[in-house]
Amino acid sequence: MPELPETETIARDLDAALRGATIDAGEIVRADVLRDTTPAALRRAIAGATIRGVHRRAKSIVIDCAPAAPDATIQHLVVTPRFTGALLLTAPRDDRYTCLRFALRDGRTLCYHDVRRLGTVAGHDMRRHAEWQGALGPEPLDPTFTVDALWGSLRGSRQAIKTVLMDQRRLAGVGNIYANEALFRAGLRPTRAARSLRRREADALLRSLREVLAASIALRGTTFRDFQDAYGARGGFAAHLAVYGRADAPCVTCGTVLRATHRLAGRQTVWCPTCQR
DNA sequence: AGGGGAACCCGTACGC
DNA sequence: TGCGTACGGGTTCCCC
């Protein structure tokens, strides 16, 4: 569930709270969430490490670390919460689902909590981190990302526009909720072939996408079911969703009953048959 | 190559 | 009530 606005919310809060902090020790409770590292290597890398900063890339939270051990190569912890994952600075409501626990030198605890455990925590050395970054597409909120770059990418695909928006290699950070919302705002039907878009439609799409992402970030993301921020609080954008989760309800613009299908890449897709062409 | 499908995981919803 | 089963959801990996 956490997409770009939700992981951005977590990353901003953690950067403010953790920049410069030192991790005393890490406890790995559920090793199956780990990627690209082992429990022993991760513990050694973070024992005594300083947190340089925290930022977001795609739908992941990246914690930049300066390890204390000279032979520790892990520089970045990449946390991808997927559906139920949470990075918490407060005590989790149910400790049964704590996967990782980091004790900070100042007495605080940062934990990775995940009920379904489809989320992951990767330990990256510089090489692996560059490889991971390189596999991801551009950030939609990056001002250097242009309409023509988006349009060029869309023109290469005969897939449905919604599927292409969610393809992390073409565009990073957009998931099911914001793909549905951006297409509604742009007046584009989700099933349209990506390469059928005119340039002015790609322009409307990029502007809609940026608007909806920025509006959601301003309200600290969408909590539809599971998303919680670093302090266990909910996001405020769910009340502003125009189509996602509103199948069979009236369109907010024209009142037409919203249509839904599950057949587009196996995910809930909702649109207004009148407003979206 | 690019697209399709399974696997990952477990709470929730639903059927019997 | 209690048990069993189907389902969902993004990403990765495998296969065609």
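Each chain gets a letter, A, B and so on, in the order its sequence line appears, and its residues count up from 1.
- OP1 or OP2 of B:dG11 lies within a sub-4.0 Å distance of a side-chain N or O belonging to A:Y97.
- One interatomic measurement links the two molecules: CD of A:E3 to P of C:dT11, which rounds to 9 Å at whole-angstrom precision.
- A:N176 comes within 4.0 angstrom of sugar-phosphate atoms only, judged by non-hydrogen atoms across all strands, and of no base.
- Regarding A:L171, its CG atom lies at a distance of 12 Å from the P atom of C:dT11, rounded to whole Å.
- Between A:R127 and A:D125, no side-chain nitrogen of the basic residue sits less than 4.0 Å from a carboxylate oxygen of the acidic one, so the salt-bridge criterion is not met.
- Ranking B:dG3, B:dC8, C:dT11 by closeness to the A:R267 side chain, first place goes to C:dT11.
- Candidate nucleotides C:dG9, B:dG11, C:dG10 were compared by shortest atom distance to the side chain of A:R82, and C:dG10 ranks first.
- A:L165 has its CG atom 15 Å from the C1' atom of C:dG10, to the nearest Å.
- We find that CE of A:M166 is positioned 14 Å from P of C:dG8, with the value rounded to whole Å.
- Between A:D229 and A:R12 no salt bridge is recorded (no basic side-chain N to carboxylate O distance below 4.0 Å).
- Within the structure, a side-chain polar atom (N or O) of A:Q168 is placed less than 4.0 Å from OP1 or OP2 of C:dT11.
- Summarising the geometry, the separation between CZ on A:R169 and P on B:dG2 is reported as 8 Å, rounded to the nearest angstrom.
- Ion pairing between A:E6 and A:K59 fails under the 4.0 Å rule for side-chain N and carboxylate O.
- Side-chain contact of A:H124 with A:D36: a donor-acceptor pair under 3.5 Å is present, judged by distance alone.
- Dashed line: the shortest gap from a side-chain N or O of A:Q268 to OP1 or OP2 of C:dG9 is not under 4.0 Å.
- Checked for salt-bridge contact, A:R30 and A:D32 miss the test: no charged N lies under 4.0 Å from a carboxylate O.
- Between the CZ atom of A:R117 and the P atom of B:dG11 there is a distance of 9 Å, rounded to whole Å.
- With rounding to whole Å, A:R116 atom CZ is found 15 Å from B:dA7 atom C1'.
- Straight-line distance from the CG atom of A:D167 to the C1' atom of B:dA1: 14 Å, rounded to whole Å.
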